[in-house]
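Okay, structure first, notes after.
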Amino acid sequence: MAVDIIQGYTLVKDGVNKWRIPKFGKMRVDAVVYVNDSLKELLRDDQSLRQLVNAASLPGVVEPVIGMPDIHEGFGLPIGGVMAIEEKGVISAGAVGYDINCGVRLIRSDLEADYFTKDILYKLIERIEHYVPTGIGKKGRHKGITRVIFDDVVHNGVEAVIKAGFGKKSDLEYIEEGGKLEGADISAVSEEAQERGEEQLGTLGGGNHFIEIQKVEEILEENLAEKFGLFKGQLAVMIHTGSRGFGHQIATDYTKILWEAAKRYGIEVPEKGLAAAPIKSKEGQNYYKAMAAAVNFAFSNRQIIMFDVIRAFEDVLKKSEEEMGFKLVYDVAHNIAKWEVHGGKRMLVHRKGATRALPAGHPQNPPSYRDTGHPALIPGSMGTGSYVVVGTEKAAETFYSVNHGAGRRLSRNQAKKISKEEFERSMGDVVYNVRSYKDIVDESPLAYKDVETVVSVFEERGITIPVAKLIPLAVVKGAD
DNA sequence: ATGTCC
(Lines give C-alpha, C1' and ligand atoms only; values in the text may rest on other atoms or scores of the structure.)
Protein backbone atom coordinates (compact mmCIF):
# COMPACT_ATOMS: atom_id res chain seq x y z
CA MET A 1 0.00 0.00 0.00
CA ALA A 2 1.57 3.27 -1.16
CA VAL A 3 1.59 6.04 1.40
CA ASP A 4 2.91 9.59 1.23
CA ILE A 5 3.07 12.34 3.82
CA ILE A 6 2.45 15.90 2.60
CA GLN A 7 2.06 18.95 4.83
CA GLY A 8 1.78 16.54 7.74
CA TYR A 9 -1.16 14.67 6.20
CA THR A 10 -1.06 10.97 5.44
CA LEU A 11 -2.14 10.19 1.89
CA VAL A 12 -2.99 6.61 0.99
CA LYS A 13 -2.99 5.51 -2.63
CA ASP A 14 -6.49 4.47 -3.74
CA GLY A 15 -6.05 3.32 -7.34
CA VAL A 16 -4.98 5.18 -10.47
CA ASN A 17 -4.11 8.84 -9.81
CA LYS A 18 -6.20 8.88 -6.64
CA TRP A 19 -4.99 9.57 -3.10
CA ARG A 20 -7.10 9.48 0.05
CA ILE A 21 -6.67 11.27 3.37
CA PRO A 22 -8.55 9.00 5.79
CA LYS A 23 -10.63 10.98 8.23
CA PHE A 24 -9.06 11.90 11.55
CA GLY A 25 -9.64 14.51 14.25
CA LYS A 26 -12.62 16.69 13.39
CA MET A 27 -13.04 15.36 9.87
CA ARG A 28 -16.47 13.82 9.32
CA VAL A 29 -15.48 12.21 6.00
CA ASP A 30 -12.34 11.35 4.04
CA ALA A 31 -10.73 13.78 1.64
CA VAL A 32 -9.58 12.61 -1.78
CA VAL A 33 -7.24 14.25 -4.24
CA TYR A 34 -6.72 13.22 -7.88
CA VAL A 35 -3.12 13.74 -8.94
CA ASN A 36 -0.33 11.86 -10.66
CA ASP A 37 3.15 11.77 -9.14
CA SER A 38 4.34 15.06 -10.66
CA LEU A 39 1.22 17.03 -9.71
CA LYS A 40 1.35 15.54 -6.22
CA GLU A 41 4.76 17.17 -5.69
CA LEU A 42 3.19 20.60 -6.18
CA LEU A 43 1.01 20.04 -3.09
CA ARG A 44 4.06 20.11 -0.79
CA ASP A 45 4.36 23.91 -0.89
CA ASP A 46 0.65 24.60 -0.90
CA GLN A 47 -2.12 24.81 1.70
CA SER A 48 -4.79 23.13 -0.38
CA LEU A 49 -4.75 19.78 1.47
CA ARG A 50 -5.32 21.58 4.77
CA GLN A 51 -8.26 23.36 3.15
CA LEU A 52 -9.75 20.04 1.97
CA VAL A 53 -9.29 18.57 5.44
CA ASN A 54 -10.98 21.60 7.00
CA ALA A 55 -13.92 21.37 4.60
CA ALA A 56 -14.34 17.71 5.58
CA SER A 57 -15.28 18.85 9.10
CA LEU A 58 -18.37 20.86 8.10
CA PRO A 59 -21.81 19.60 9.19
CA GLY A 60 -23.62 17.50 6.61
CA VAL A 61 -20.60 16.98 4.38
CA VAL A 62 -20.92 13.92 2.12
CA GLU A 63 -18.04 11.48 1.62
CA PRO A 64 -15.59 12.46 0.20
CA VAL A 65 -14.41 16.07 -0.11
CA ILE A 66 -12.54 16.12 -3.41
CA GLY A 67 -9.51 17.88 -4.85
CA MET A 68 -9.27 18.08 -8.64
CA PRO A 69 -5.96 17.56 -10.54
CA ASP A 70 -5.61 21.36 -10.92
CA ILE A 71 -6.06 22.02 -7.19
CA HIS A 72 -4.34 25.00 -5.58
CA GLU A 73 -5.03 26.99 -2.46
CA GLY A 74 -7.86 29.49 -2.40
CA PHE A 75 -9.99 31.34 0.16
CA GLY A 76 -11.76 28.66 2.20
CA LEU A 77 -12.15 25.70 -0.14
CA PRO A 78 -9.19 25.27 -2.51
CA ILE A 79 -9.65 26.15 -6.17
CA GLY A 80 -10.26 22.76 -7.73
CA GLY A 81 -12.43 21.67 -4.78
CA VAL A 82 -15.75 19.81 -4.70
CA MET A 83 -17.81 19.60 -1.51
CA ALA A 84 -21.26 18.00 -1.43
CA ILE A 85 -23.53 18.69 1.54
CA GLU A 86 -26.71 16.85 2.48
CA GLU A 87 -29.96 18.76 3.03
CA LYS A 88 -29.59 19.06 6.77
CA GLY A 89 -26.06 20.44 6.44
CA VAL A 90 -24.53 23.83 5.69
CA ILE A 91 -23.95 26.15 2.74
CA SER A 92 -20.70 28.11 2.37
CA ALA A 93 -19.99 31.16 0.22
CA GLY A 94 -16.25 30.50 0.33
CA ALA A 95 -16.86 27.05 -1.15
CA VAL A 96 -18.29 28.69 -4.26
CA GLY A 97 -15.72 31.44 -4.46
CA TYR A 98 -15.55 35.17 -4.99
CA ASP A 99 -16.28 34.94 -8.70
CA ILE A 100 -19.67 33.23 -8.60
CA ASN A 101 -20.29 31.33 -11.86
CA CYS A 102 -16.94 32.11 -13.25
CA GLY A 103 -17.22 29.89 -16.30
CA VAL A 104 -16.42 29.18 -19.90
CA ARG A 105 -18.31 29.37 -23.16
CA LEU A 106 -17.14 27.82 -26.44
CA ILE A 107 -18.38 29.08 -29.80
CA ARG A 108 -17.70 27.19 -33.02
CA SER A 109 -17.76 28.42 -36.62
CA ASP A 110 -17.67 27.18 -40.19
CA LEU A 111 -14.41 29.08 -40.74
CA GLU A 112 -10.99 27.59 -41.40
CA ALA A 113 -8.47 28.85 -38.86
CA ASP A 114 -5.65 28.91 -41.42
CA TYR A 115 -7.33 31.86 -43.14
CA PHE A 116 -6.61 34.02 -40.07
CA THR A 117 -3.27 35.73 -40.63
CA LYS A 118 -1.67 37.76 -37.84
CA ASP A 119 -2.87 40.89 -39.59
CA ILE A 120 -6.50 39.72 -39.43
CA LEU A 121 -6.09 38.52 -35.84
CA TYR A 122 -4.80 41.94 -34.75
CA LYS A 123 -7.76 43.60 -36.45
CA LEU A 124 -10.13 41.20 -34.71
CA ILE A 125 -8.80 41.67 -31.20
CA GLU A 126 -8.82 45.42 -31.70
CA ARG A 127 -12.44 45.25 -32.81
CA ILE A 128 -13.39 42.89 -29.96
CA GLU A 129 -11.90 45.39 -27.50
CA HIS A 130 -13.92 48.13 -29.20
CA TYR A 131 -17.10 46.23 -28.30
CA VAL A 132 -16.20 44.46 -25.05
CA PRO A 133 -14.92 46.53 -22.12
CA THR A 134 -11.97 44.74 -20.50
CA GLY A 135 -10.10 45.18 -17.23
CA ILE A 136 -11.03 45.83 -13.63
CA GLY A 137 -13.79 48.28 -12.85
CA LYS A 138 -15.04 48.73 -16.39
CA LYS A 139 -18.69 49.55 -17.07
CA GLY A 140 -20.72 47.87 -19.79
CA ARG A 141 -21.18 49.37 -23.23
CA HIS A 142 -24.83 48.27 -23.07
CA LYS A 143 -25.48 49.71 -19.62
CA GLY A 144 -28.47 51.73 -20.86
CA ILE A 145 -30.39 48.54 -21.66
CA THR A 146 -28.84 46.29 -19.02
CA ARG A 147 -30.00 48.64 -16.25
CA VAL A 148 -33.55 48.30 -17.57
CA ILE A 149 -33.50 44.49 -17.84
CA PHE A 150 -31.35 43.87 -14.76
CA ASP A 151 -34.17 42.52 -12.58
CA ASP A 152 -35.28 40.21 -15.38
CA VAL A 153 -31.66 39.03 -15.90
CA VAL A 154 -31.00 38.07 -12.30
CA HIS A 155 -34.32 36.24 -11.94
CA ASN A 156 -34.60 34.67 -15.39
CA GLY A 157 -31.06 34.43 -16.64
CA VAL A 158 -30.02 34.34 -20.29
CA GLU A 159 -33.60 34.26 -21.57
CA ALA A 160 -33.89 37.89 -20.43
CA VAL A 161 -30.89 39.12 -22.42
CA ILE A 162 -32.01 37.14 -25.47
CA LYS A 163 -35.39 38.90 -25.28
CA ALA A 164 -33.46 42.17 -25.26
CA GLY A 165 -31.78 41.20 -28.54
CA PHE A 166 -28.53 39.49 -27.53
CA GLY A 167 -28.56 36.23 -29.43
CA LYS A 168 -31.24 33.71 -30.22
CA LYS A 169 -33.64 31.58 -28.23
CA SER A 170 -31.98 28.31 -29.31
CA ASP A 171 -28.78 29.37 -27.48
CA LEU A 172 -30.53 28.42 -24.22
CA GLU A 173 -30.26 24.73 -25.15
CA TYR A 174 -26.47 25.04 -25.07
CA ILE A 175 -25.99 26.55 -21.62
CA GLU A 176 -25.73 24.67 -18.31
CA GLU A 177 -29.12 24.85 -16.54
CA GLY A 178 -30.56 26.48 -19.68
CA GLY A 179 -28.88 29.71 -18.57
CA LYS A 180 -30.96 30.02 -15.42
CA LEU A 181 -30.43 28.67 -11.92
CA GLU A 182 -33.80 28.46 -10.16
CA GLY A 183 -34.31 30.26 -6.87
CA ALA A 184 -32.68 33.63 -7.54
CA ASP A 185 -34.13 36.54 -5.57
CA ILE A 186 -32.80 40.08 -5.83
CA SER A 187 -34.22 40.95 -2.41
CA ALA A 188 -31.39 38.87 -0.91
CA VAL A 189 -28.78 41.02 -2.71
CA SER A 190 -27.36 44.20 -1.15
CA GLU A 191 -27.99 47.57 -2.82
CA GLU A 192 -24.26 47.91 -3.25
CA ALA A 193 -24.01 44.65 -5.20
CA GLN A 194 -26.98 45.65 -7.36
CA GLU A 195 -25.45 49.02 -8.20
CA ARG A 196 -22.18 47.39 -9.21
CA GLY A 197 -23.96 44.73 -11.25
CA GLU A 198 -26.36 46.87 -13.26
CA GLU A 199 -23.53 48.65 -15.05
CA GLN A 200 -21.16 45.71 -15.50
CA LEU A 201 -23.14 43.28 -17.64
CA GLY A 202 -21.24 42.67 -20.87
CA THR A 203 -17.74 43.26 -19.46
CA LEU A 204 -14.81 40.85 -19.39
CA GLY A 205 -12.94 41.81 -16.21
CA GLY A 206 -9.29 41.06 -15.47
CA GLY A 207 -7.13 38.35 -13.93
CA ASN A 208 -7.51 35.01 -15.65
CA HIS A 209 -10.53 36.11 -17.71
CA PHE A 210 -10.10 36.15 -21.47
CA ILE A 211 -11.60 36.02 -24.92
CA GLU A 212 -9.58 33.67 -27.08
CA ILE A 213 -9.65 33.07 -30.81
CA GLN A 214 -8.70 29.41 -31.12
CA LYS A 215 -8.01 26.71 -33.65
CA VAL A 216 -9.18 23.13 -33.24
CA GLU A 217 -5.72 21.57 -33.28
CA GLU A 218 -6.62 17.94 -32.78
CA ILE A 219 -9.70 15.76 -32.71
CA LEU A 220 -9.27 13.12 -30.01
CA GLU A 221 -12.66 11.37 -30.27
CA GLU A 222 -14.17 11.54 -33.76
CA ASN A 223 -17.74 10.58 -33.02
CA LEU A 224 -18.25 12.97 -30.11
CA ALA A 225 -16.41 15.80 -31.87
CA GLU A 226 -18.77 15.48 -34.81
CA LYS A 227 -21.79 15.61 -32.51
CA PHE A 228 -20.37 18.75 -30.87
CA GLY A 229 -19.86 20.29 -34.34
CA LEU A 230 -16.06 20.37 -34.02
CA PHE A 231 -13.59 19.60 -36.82
CA LYS A 232 -9.83 19.80 -37.22
CA GLY A 233 -8.61 23.19 -38.39
CA GLN A 234 -11.82 24.93 -37.31
CA LEU A 235 -11.87 28.45 -35.93
CA ALA A 236 -13.51 28.75 -32.51
CA VAL A 237 -13.87 31.38 -29.81
CA MET A 238 -13.64 30.74 -26.07
CA ILE A 239 -14.94 33.22 -23.49
CA HIS A 240 -13.89 32.97 -19.85
CA THR A 241 -15.48 35.38 -17.38
CA GLY A 242 -17.90 35.48 -14.47
CA SER A 243 -20.17 37.70 -12.42
CA ARG A 244 -17.74 40.62 -12.06
CA GLY A 245 -18.26 43.05 -9.21
CA PHE A 246 -21.82 41.79 -8.69
CA GLY A 247 -20.82 38.29 -7.60
CA HIS A 248 -17.76 39.59 -5.79
CA GLN A 249 -19.89 41.90 -3.67
CA ILE A 250 -22.36 39.11 -2.91
CA ALA A 251 -19.50 36.80 -1.87
CA THR A 252 -18.03 39.55 0.32
CA ASP A 253 -21.39 40.37 1.93
CA TYR A 254 -22.30 36.76 2.63
CA THR A 255 -18.92 35.61 3.88
CA LYS A 256 -19.45 38.15 6.67
CA ILE A 257 -23.12 37.23 7.18
CA LEU A 258 -22.41 33.48 7.24
CA TRP A 259 -19.40 33.91 9.54
CA GLU A 260 -21.56 35.64 12.12
CA ALA A 261 -24.45 33.25 11.57
CA ALA A 262 -22.13 30.27 12.18
CA LYS A 263 -21.37 31.58 15.66
CA ARG A 264 -25.08 31.99 16.44
CA TYR A 265 -25.91 28.49 15.20
CA GLY A 266 -22.95 27.02 17.05
CA ILE A 267 -21.25 25.73 13.90
CA GLU A 268 -17.53 25.26 14.24
CA VAL A 269 -15.91 26.82 11.17
CA PRO A 270 -12.18 26.03 10.92
CA GLU A 271 -11.31 29.09 8.83
CA LYS A 272 -13.12 32.26 7.83
CA GLY A 273 -13.12 31.31 4.17
CA LEU A 274 -15.35 28.34 5.02
CA ALA A 275 -17.93 30.51 6.81
CA ALA A 276 -21.15 28.49 6.65
CA ALA A 277 -24.70 28.39 7.96
CA PRO A 278 -27.39 25.70 7.81
CA ILE A 279 -28.84 25.46 4.30
CA LYS A 280 -32.30 25.73 5.83
CA SER A 281 -31.48 28.83 7.93
CA LYS A 282 -32.56 32.29 6.82
CA GLU A 283 -28.93 33.28 6.19
CA GLY A 284 -28.25 30.10 4.23
CA GLN A 285 -31.39 30.50 2.14
CA ASN A 286 -30.56 34.13 1.44
CA TYR A 287 -27.07 33.26 0.29
CA TYR A 288 -28.49 30.69 -2.11
CA LYS A 289 -30.94 33.27 -3.52
CA ALA A 290 -28.17 35.83 -3.98
CA MET A 291 -25.72 33.27 -5.39
CA ALA A 292 -28.34 32.15 -7.93
CA ALA A 293 -28.78 35.81 -8.95
CA ALA A 294 -25.03 36.04 -9.60
CA VAL A 295 -25.09 32.73 -11.49
CA ASN A 296 -27.77 34.11 -13.80
CA PHE A 297 -25.83 37.36 -14.17
CA ALA A 298 -22.68 35.50 -15.22
CA PHE A 299 -24.40 33.27 -17.81
CA SER A 300 -25.97 36.46 -19.20
CA ASN A 301 -22.64 38.28 -19.15
CA ARG A 302 -21.11 35.58 -21.37
CA GLN A 303 -24.17 35.72 -23.66
CA ILE A 304 -23.74 39.48 -24.21
CA ILE A 305 -20.00 39.11 -24.77
CA MET A 306 -20.63 36.38 -27.36
CA PHE A 307 -23.02 38.75 -29.14
CA ASP A 308 -20.38 41.49 -29.18
CA VAL A 309 -17.59 39.17 -30.34
CA ILE A 310 -19.68 38.03 -33.29
CA ARG A 311 -20.32 41.69 -34.21
CA ALA A 312 -16.54 42.21 -34.22
CA PHE A 313 -16.07 39.28 -36.62
CA GLU A 314 -18.82 40.68 -38.87
CA ASP A 315 -17.08 44.06 -39.00
CA VAL A 316 -13.64 42.68 -39.82
CA LEU A 317 -14.58 39.80 -42.13
CA LYS A 318 -17.54 41.65 -43.74
CA LYS A 319 -19.61 38.51 -43.48
CA SER A 320 -22.84 37.79 -41.62
CA GLU A 321 -23.11 35.63 -38.52
CA GLU A 322 -24.93 33.01 -40.63
CA GLU A 323 -22.25 33.02 -43.31
CA MET A 324 -19.53 32.51 -40.71
CA GLY A 325 -21.61 29.79 -39.05
CA PHE A 326 -21.12 30.87 -35.44
CA LYS A 327 -22.90 28.56 -33.02
CA LEU A 328 -22.73 28.08 -29.29
CA VAL A 329 -21.17 24.71 -28.37
CA TYR A 330 -21.73 25.00 -24.62
CA ASP A 331 -21.40 27.23 -21.57
CA VAL A 332 -20.33 25.73 -18.23
CA ALA A 333 -20.02 27.10 -14.71
CA HIS A 334 -16.78 26.57 -12.81
CA ASN A 335 -17.82 28.19 -9.49
CA ILE A 336 -21.31 27.27 -8.33
CA ALA A 337 -23.40 25.41 -5.74
CA LYS A 338 -26.28 23.34 -7.10
CA TRP A 339 -28.88 20.89 -5.89
CA GLU A 340 -28.24 17.51 -7.43
CA VAL A 341 -29.12 13.88 -6.76
CA HIS A 342 -26.23 11.47 -6.25
CA GLY A 343 -26.74 7.87 -5.21
CA GLY A 344 -30.44 8.59 -4.76
CA LYS A 345 -29.78 11.35 -2.26
CA ARG A 346 -30.39 15.07 -2.76
CA MET A 347 -27.40 17.23 -1.93
CA LEU A 348 -25.99 20.69 -2.50
CA VAL A 349 -22.81 20.27 -4.53
CA HIS A 350 -20.35 23.14 -4.14
CA ARG A 351 -17.92 23.30 -7.05
CA LYS A 352 -15.11 25.83 -6.85
CA GLY A 353 -12.80 25.66 -9.81
CA ALA A 354 -14.45 22.47 -11.00
CA THR A 355 -16.67 21.68 -13.96
CA ARG A 356 -19.69 19.43 -13.96
CA ALA A 357 -19.26 16.63 -16.51
CA LEU A 358 -22.37 14.48 -16.93
CA PRO A 359 -22.02 11.23 -18.88
CA ALA A 360 -24.05 10.09 -21.88
CA GLY A 361 -27.62 9.31 -20.98
CA HIS A 362 -27.68 11.28 -17.73
CA PRO A 363 -31.12 12.93 -17.45
CA GLN A 364 -29.70 16.26 -16.30
CA ASN A 365 -27.90 16.77 -19.60
CA PRO A 366 -29.53 19.34 -21.87
CA PRO A 367 -31.66 17.55 -24.52
CA SER A 368 -29.12 18.61 -27.16
CA TYR A 369 -26.44 16.49 -25.49
CA ARG A 370 -28.52 13.75 -23.80
CA ASP A 371 -27.02 10.99 -25.93
CA THR A 372 -23.39 12.09 -25.74
CA GLY A 373 -22.96 13.80 -22.37
CA HIS A 374 -22.47 17.56 -22.47
CA PRO A 375 -19.10 19.05 -23.40
CA ALA A 376 -17.00 20.04 -20.36
CA LEU A 377 -14.70 22.93 -21.20
CA ILE A 378 -11.19 23.07 -19.78
CA PRO A 379 -9.19 26.17 -20.70
CA GLY A 380 -5.42 25.99 -20.39
CA SER A 381 -3.22 29.03 -19.95
CA MET A 382 -3.19 31.69 -22.66
CA GLY A 383 -0.16 30.34 -24.49
CA THR A 384 -1.12 26.65 -24.44
CA GLY A 385 -4.06 24.45 -25.30
CA SER A 386 -7.62 24.08 -24.07
CA TYR A 387 -9.63 20.86 -24.00
CA VAL A 388 -13.17 19.72 -24.60
CA VAL A 389 -13.90 16.52 -22.67
CA VAL A 390 -16.94 14.52 -21.58
CA GLY A 391 -17.51 12.67 -18.34
CA THR A 392 -18.06 8.93 -18.09
CA GLU A 393 -20.14 6.82 -15.69
CA LYS A 394 -17.02 6.52 -13.55
CA ALA A 395 -17.24 10.28 -12.90
CA ALA A 396 -19.95 9.38 -10.37
CA GLU A 397 -17.07 9.08 -7.87
CA THR A 398 -16.43 12.85 -8.20
CA PHE A 399 -20.13 13.80 -8.19
CA TYR A 400 -19.65 14.12 -11.98
CA SER A 401 -17.00 16.81 -11.61
CA VAL A 402 -13.76 17.36 -13.49
CA ASN A 403 -10.95 19.91 -13.39
CA HIS A 404 -11.65 23.42 -14.67
CA GLY A 405 -8.27 24.38 -16.12
CA ALA A 406 -4.56 23.86 -15.83
CA GLY A 407 -4.41 25.33 -12.34
CA ARG A 408 -1.96 27.85 -11.04
CA ARG A 409 1.60 26.66 -10.31
CA LEU A 410 2.99 30.04 -9.19
CA SER A 411 1.15 32.58 -7.04
CA ARG A 412 0.48 35.93 -8.68
CA ASN A 413 3.32 37.46 -6.68
CA GLN A 414 5.76 34.75 -7.71
CA ALA A 415 4.67 35.10 -11.34
CA LYS A 416 5.31 38.87 -11.29
CA LYS A 417 9.02 38.00 -11.19
CA ILE A 418 8.96 36.39 -14.65
CA SER A 419 11.11 38.49 -17.03
CA LYS A 420 9.84 40.15 -20.19
CA GLU A 421 11.96 37.81 -22.31
CA GLU A 422 10.66 34.69 -20.57
CA PHE A 423 7.10 35.95 -20.86
CA GLU A 424 7.39 36.69 -24.57
CA ARG A 425 8.94 33.31 -25.25
CA SER A 426 6.14 31.60 -23.31
CA MET A 427 3.52 33.29 -25.52
CA GLY A 428 5.07 31.88 -28.71
CA ASP A 429 3.14 33.06 -31.78
CA VAL A 430 -0.05 33.91 -29.90
CA VAL A 431 -1.31 37.42 -30.69
CA TYR A 432 -2.42 39.39 -27.63
CA ASN A 433 -3.89 42.78 -26.91
CA VAL A 434 -2.21 43.99 -23.76
CA ARG A 435 0.68 46.37 -24.54
CA SER A 436 2.65 46.16 -21.32
CA TYR A 437 3.76 42.66 -20.37
CA LYS A 438 3.67 43.71 -16.72
CA ASP A 439 -0.11 43.89 -16.89
CA ILE A 440 -0.50 40.22 -17.73
CA VAL A 441 2.78 38.57 -16.75
CA ASP A 442 1.07 36.87 -13.81
CA GLU A 443 -1.10 35.10 -16.41
CA SER A 444 1.95 33.76 -18.26
CA PRO A 445 1.79 30.10 -19.27
CA LEU A 446 4.83 29.72 -16.99
CA ALA A 447 2.56 30.51 -14.00
CA TYR A 448 0.34 27.51 -14.79
CA LYS A 449 0.64 23.76 -14.52
CA ASP A 450 0.99 21.74 -17.71
CA VAL A 451 -2.57 21.34 -18.99
CA GLU A 452 -1.77 18.09 -20.81
CA THR A 453 -0.63 16.50 -17.57
CA VAL A 454 -3.64 17.81 -15.67
CA VAL A 455 -6.11 16.54 -18.27
CA SER A 456 -4.38 13.14 -18.39
CA VAL A 457 -5.13 12.47 -14.69
CA PHE A 458 -8.86 11.91 -15.22
CA GLU A 459 -8.39 10.39 -18.66
CA GLU A 460 -6.06 7.71 -17.25
CA ARG A 461 -8.56 7.03 -14.51
CA GLY A 462 -11.40 6.65 -17.02
CA ILE A 463 -13.37 9.62 -15.64
CA THR A 464 -13.17 11.68 -18.82
CA ILE A 465 -12.90 11.16 -22.56
CA PRO A 466 -10.93 13.97 -24.24
CA VAL A 467 -12.77 15.04 -27.41
CA ALA A 468 -10.76 17.90 -28.87
CA LYS A 469 -7.74 20.06 -28.22
CA LEU A 470 -7.83 23.73 -29.15
CA ILE A 471 -4.86 26.09 -29.33
CA PRO A 472 -4.91 29.88 -29.00
CA LEU A 473 -4.28 32.10 -32.02
CA ALA A 474 -5.12 35.38 -30.34
CA VAL A 475 -6.18 36.40 -26.86
CA VAL A 476 -7.94 39.45 -25.44
CA LYS A 477 -7.09 40.04 -21.78
CA GLY A 478 -8.05 42.77 -19.37
CA ALA A 479 -5.21 44.86 -17.96
CA ASP A 480 -5.74 45.40 -14.25
C1' DA B 1 -11.60 36.93 -8.76
C1' DT B 2 -12.28 42.22 -7.06
C1' DG B 3 -14.19 50.15 -8.01
C1' DT B 4 -6.89 44.79 -5.73
C1' DC B 5 -8.08 49.26 1.46
C1' DC B 6 -14.48 53.15 2.56
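Chain letters run A, B, ... following the sequence lines, proteins first and then strands; every chain starts at 1.
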Without decimals, in angstroms, what is the distance between [X] [atom1] and [N] [atom2]?
X	N	atom1	atom2	value
A:Glu199	B:dT2	CD	P	16 Å
A:Asp442	B:dT4	CG	P	16 Å
A:His248	B:dT4	NE2	C1'	8 Å
A:Gln249	B:dC5	CD	C1'	13 Å
A:Glu443	B:dT4	CD	P	18 Å
A:Lys477	B:dT2	NZ	P	10 Å
A:Lys256	B:dC5	NZ	P	17 Å
A:Ile136	B:dC5	CD1	P	11 Å

Does A:Arg311 count as lying over the ring of A:Phe313, i.e. NZ or CZ under 6.0 Å from the six-ring centre, within 45 degrees of the axis? no
Establish, yes or no, whether a centroid distance under 6.0 Å links the rings of A:Tyr432 and A:Phe423. yes
When you compare the side chains of A:His142 and A:Asp308, does any donor N or O come within less than 3.5 Å of an acceptor on the partner? yes
How would you label the contact of A:Gly242 with the nucleic acid (heavy atoms, under 4.0 Å): base, sugar-phosphate, or nothing? nothing
By the 4.0 Å heavy-atom rule, please label A:Glu192 as base, sugar-phosphate, or nothing. base
Determine, step by step, whether A:His404 and A:Thr355 satisfy the side-chain hydrogen bond (donor to acceptor under 3.5 Å, both in side chains) criterion, reporting the C-alpha distance in whole Å, the side-chain angles of both residues, the deciding distance to 0.1 Å, and the verdict. CA-CA 5 Å; A:His404 83 306; A:Thr355 310; over 6 Å; no
